[in-house]
Amino acid sequence: MALQMFGIPVSRGVAVGRAVLLSSARLDVAHYFVEPGQEESEVDRLRAARSAVRSELDTLQTELPADAPAEMAAFIDVHKMLLDDPHIGRETAHWIRSRRYNAEWALTAQLDVIARSFDEMEDAYLRERKADVEQVVERLLRALRGTQGLPGGAHADEDLVLVAHDIAPADMMQFKQGVFRGFITDVGGKTSHTAIVARSLDIPAVVGAREASRLIRQDDWVIIDGDNGLLIVDPTPGIVDDYRVRKQESELARQRLQRLRNTPARSLDGQTVELLANIELPEDCAGALQAGAAGVGLFRTEFLFMNRGADRPGEDEQFEAYRRVLQSMGGRPVTIRTIDIGADKPLDGELDYRDGDFTHLNPALGLRAIRYSLSDPAMFRVQLRALLRAAAFGPLRILIPMLAHAREVHQTFEQLNLARNELRSNGVEPGSVEVGAMIEVPGAVLMLPLFLRHFDFISVGTNDLVQYTLAIDRADESVAELYDPLHPAVLQLLAQTLAQAEAARAWKGHAVHVSVCGEMAGDPQLTRLLLGLGLRSFSMHPAQLLSVKQQILRSDCSRLAPLAQAVLAQLEPEDQDRALRALDA
Ligand code: PEP
Ligand code: MG
């Protein structure tokens with residue numbers, strides 16, 4: 001009997017595949033398929049790692065001081081026994097032979113199977129032995145690091161979907177090269193950064209599925225319905241067939257959308273709309289151009305800093321990355337955001353799970369984004385210098401995340417001036433840039449004139465604006481129901497921003513350019529509302545761009561404007577629903 005579970009749909013489409021369960025702690029090992037015919041050499045690698053660990057343990061035992069407690073020797077004995085246990089040796093080799101997983105992946109997959117059987121044990125003493133298995137696996141992984149892996153890159157015989165308690169955005173980035181056809185996590189919300197990266201991969205994903213990683217077993221067949229947030233475990237052949245048909249249909253619909261790629265984004269009443277791409281890495285420019293983006297509206301540079309331990313990218317490395325983006329975009333405008341590290345984007349994928357421990361600080365309200373940059377001005381200026389150098393290669397807009405205080409605005413410009421002077425004193429002329437502020441904190445909307453005075457453009461980060469307006473952690477599935485981009489307070493803040501930026505004409509001589517780069521901009525169900533509120537620049541993941549364009553081509557902005565004002569006036573959900581429906585009529 002198929003088991004059904006619901007989560008939060010974050011990336012559309014259907015995936016049918018076998019489950020690969022990975023605990024969050026093990027997501028950073030390499031995942032690739034060894035070439036057919038190379039399985040035995042990979043098993044040899046595993047064997048070599050086991051003998052290396054065995055000699056390591058032997059040495060440890062012989063070098064034990066005479067007065068060492070007896071438990072120490074016993075403890076090493078247990079580890080040696082585990083190393084020889086067929087559940088580790090034979091079963092891991094089985095994953096390599098039957099699935100062509102590389103040795104590290106096979107080990108962590110097997111560790112998950114063993115860990116689960118330990119978790120189910122009644123006896124507390126035995127349950128705790130799980131830690132010993134983990135330590136032995138850690139030793140094996142370390143030993144494998146010292147041996148050359150086989151070249152990967154082969155395809156799987158069957159599609160695979162990844163199931164984990166959580167996946168940090170840094171880990172998700174490692175899956176960009178793609179061995180998995182879908183993702184499922186127990187935790188997370190629709191605009192958590194993990195969900196955003198999953199969406200950028202454009203493969204089906206469901207987050208916040210609570211018990212998924214406990215109830216789904218290694219190798220189970222799973223259907224991910226990324227449109228409805230539905231998971232079906234162990235589906236009957238009839239259900240699988242139905243979903244395969246749906247999958248083909250949605251792929252056909254996507255192909256049809258491709259025809260709009262070169263169509264200008266213009267509404268029925270002739271309003272031109274700018275459609276920009278959100279990217280995480282310079283390589284993403286190819287997808288942006290493929291979708292017909294008019295430029296990059298948000299390059300989240302923090303992803304350049306992830307998965308590299310204490311090693312930060314230096315000025316030259318950053319300069320190369322920014323220059324690559326500008327050159328790849330061939331003269332189209334590129335908006336590069338200074339780093340937004342912190343909250344649910346820690347540098348090394350080590351999420352702080354807090355598990356009911358409320359004594360921790362709240363990272364979403366802590367040292368993140370511009371606060372993080374200003375707390376380390378030397379590091380901030382490395383990024384600013386790299387940006388000012390890259391500006392020679394195309395139209396560059398620098399975007400500053402999460403500003404809330406006048407002091408932060410002034411300090412940011414001070415650092416920019418310092419960075420310019422540092423370049424000049426080294427004989428480098430800084431390029432000219434526009435500088436923009438992200439509006440992500442309600443307080444910033446309430447003092448918008450300050451931002452409009454100092455900055456060349458505004459980009460509204462609705463993901464955070466919703467989070468901070470409604471006091472809802474965007475990454476917490478337990479309050480995901482309350483995370484509502486259509487909340488009247490959020491819409492008011494958005495409408496005020498657009499109206500005041502337009503009204504700047506009167507005192508600044510020109511309107512201030514406003515873009516929305518949060519996930520709202522990429523939701524085709526919200527396109528008409530945003531057009532009606534006056535938005536003419538949308539930035540989103542390339543995968544969403546053509547669906548939004550399709551909506552624009554069918555819209556008459558002059559008709560939508562009064563209807564959007566009517567939506568703003570509604571405070572009760574039923575009244576708002578009615579007003580929203582009128583937009584689509
Ligand atoms: C946002 O907050 O809407 C945004 C675009 O920034 P991020 O999602 O990276 O926090
Ligand atoms: Mg943000």
Side-chain angles (χ1 to χ4, degrees), residues 10-11 168-170 172-173 188-200 207 275-281 284 288 296-306 335-347 351 362-373 397-404 408 436-445 451 457-476 483-487 490-491 493-494 497-498 514-523 526 530 535 537-542 544-545 548:
V10 294
S11 186
M172 198 63 156
M173 291 302 283
K190 208 176 181 101
T191 64
S192 61
H193 284 95
T194 300
I196 290 174
V197 180
R199 229 174 344 262
S200 80
V207 303
L275 295 182
L276 304 166
N278 290 357
I279 63 168
E280 275 94 36
L281 290 175
D284 298 340
V296 169
L298 173 65
F299 173 12
R300 291 181 162 100
T301 56
E302 53 275 11
F303 287 94
L304 295 176
F305 288 65
M306 289 177 181
T335 309
I336 303 186
R337 180 174 74 179
T338 60
I339 50 172
D340 180 4
I341 284 164
D344 70 331
K345 272 181 294 190
L347 278 183
L351 291 178
N362 184 335
L365 302 181
L367 193 66
R368 65 170 286 205
I370 188 61
R371 304 171 185 178
Y372 189 97
S373 292
R397 302 167 177 166
I398 298 180
L399 181 60
I400 313 294
M402 236 189 111
L403 290 159
E408 290 165 341
M438 280 196 87
I439 296 297
E440 309 191 85
V441 180
V445 180
F451 292 92
F457 68 98
I458 295 292
S459 186
V460 187
T462 48
N463 305 337
D464 279 314
L465 190 61
V466 174
Q467 154 165 276
Y468 295 127
T469 305
L470 304 181
I472 304 293
D473 186 337
R474 62 195 264 193
D476 184 344
Y483 184 95
D484 180 13
L486 289 172
H487 189 290
V490 174
L491 295 184
L493 291 170
L494 194 52
T497 306
L498 286 159
V514 180
S515 189
V516 168
C517 62
E519 298 298 294
M520 280 179 87
D523 183 345
L526 301 179
L530 296 175
L535 185 71
S537 175
F538 295 61
S539 191
M540 68 205 81
H541 278 297
Q544 289 139 298
L545 201 137
V548 169

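Predicted model only: the values in this text are computed from it and were never measured. We number each residue from 1, following the sequence as shown. Each ligand, and each atom within it, is numbered from 1 in the order the structure gives.
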Engineer: Which of the numbered atoms in ligand 1 are under 4.0 angstrom from any heavy atom belonging to R368?
Structural biologist: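 Per the distance check, 10 (O).
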Engineer: Could you tell me whether E302 and ligand 1 have an N or O pair separated by under 3.5 Å?
Structural biologist: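 In this structure, E302 places no N or O atom under 3.5 Å from an N or O of ligand 1.
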Engineer: Nearest 0.5 Å please: distance from the CD atom of E519 over to the CG atom of N278.
Structural biologist: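 Reported value, rounded in 0.5 Å steps: 7.0 Å.
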Engineer: For atom 5 (C) of ligand 1, state which one of R300, E519, R474 supplies the nearest heavy atom.
Structural biologist: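 Nearest heavy atom to atom 5 (C) of ligand 1 lies in R300.
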Engineer: Go through ligand 1 atom by atom and flag the ones less than 4.0 Å from a non-hydrogen atom of D340.
Structural biologist: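 Numbered from 1, ligand 1 contributes 10 (O).
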Engineer: Search all heavy atoms of L365 against all heavy atoms of R371 and return the closest pair with its distance.
Structural biologist: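 What the structure gives for the nearest pair is O-NH1, 3.2 Å.
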Engineer: Using a strict 4.0 Å cut-off to heavy atoms of C517, name the atoms of ligand 1 that fall inside it.
Structural biologist: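 Counting atoms of ligand 1 from 1, those under 4.0 Å from C517 are 5 (C).
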Engineer: Give the minimum heavy-atom separation between M540 and V548, together with the two atoms involved.
Structural biologist: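 Closest heavy-atom pair between M540 and V548: SD-CG2, 3.6 Å.
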Engineer: For ligand 1, which atoms, with element, lie under 4.0 Å from some heavy atom of I196?
Structural biologist: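 Result: 8 (O).
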Engineer: Can you measure from CG (D340) to CZ (R368) and round to the nearest 0.5 angstrom?
Structural biologist: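 One gets 4.0 Å once the value is rounded to the nearest 0.5 Å.
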Engineer: Got a donor-acceptor contact below 3.5 angstrom from the D523 side chain to the M520 backbone?
Structural biologist: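 Such a contact is absent between D523 side chain and M520 backbone.
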Engineer: Taking distance alone, with N or O pairs closer than 3.5 Å, would you say T462 contacts ligand 1?
Structural biologist: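 Yes: some nitrogen or oxygen of T462 is under 3.5 Å from one in ligand 1.
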Engineer: Please work out whether any backbone atom (N, CA, C, O) or any side-chain heavy atom from C-beta onward of M520 is under 4.0 Å from ligand 1, and answer side chain, backbone, both or neither.
Structural biologist: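 Neither; nothing of M520 gets under 4.0 Å from ligand 1.
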Engineer: Near L298, which atoms of ligand 1 are under 4.0 Å from a heavy atom of that residue?
Structural biologist: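 Those of ligand 1 that fall under 4.0 Å from L298 are 5 (C).
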Engineer: Restricting to N, O or S atoms of D464, which is nearest to the Mg ion (ligand 2)?
Structural biologist: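 Output for this pair reads OD2.
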Engineer: Taking all non-hydrogen atoms of both residues, which atom of V514 and which atom of L535 are closest, and how far apart?
Structural biologist: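 The answer is O-CD1, 3.9 Å.
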Engineer: Where on M438 is there a heavy atom closer than 4.0 Å to ligand 1, on the side chain, on the backbone, on both, or on neither?
Structural biologist: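 The answer is the side chain of M438.
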Engineer: Restricting to N, O or S atoms, which atom of E440 is closest to the Mg ion (ligand 2)?
Structural biologist: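 Of all N, O or S atoms belonging to E440, OE1 is the one nearest the Mg ion (ligand 2).
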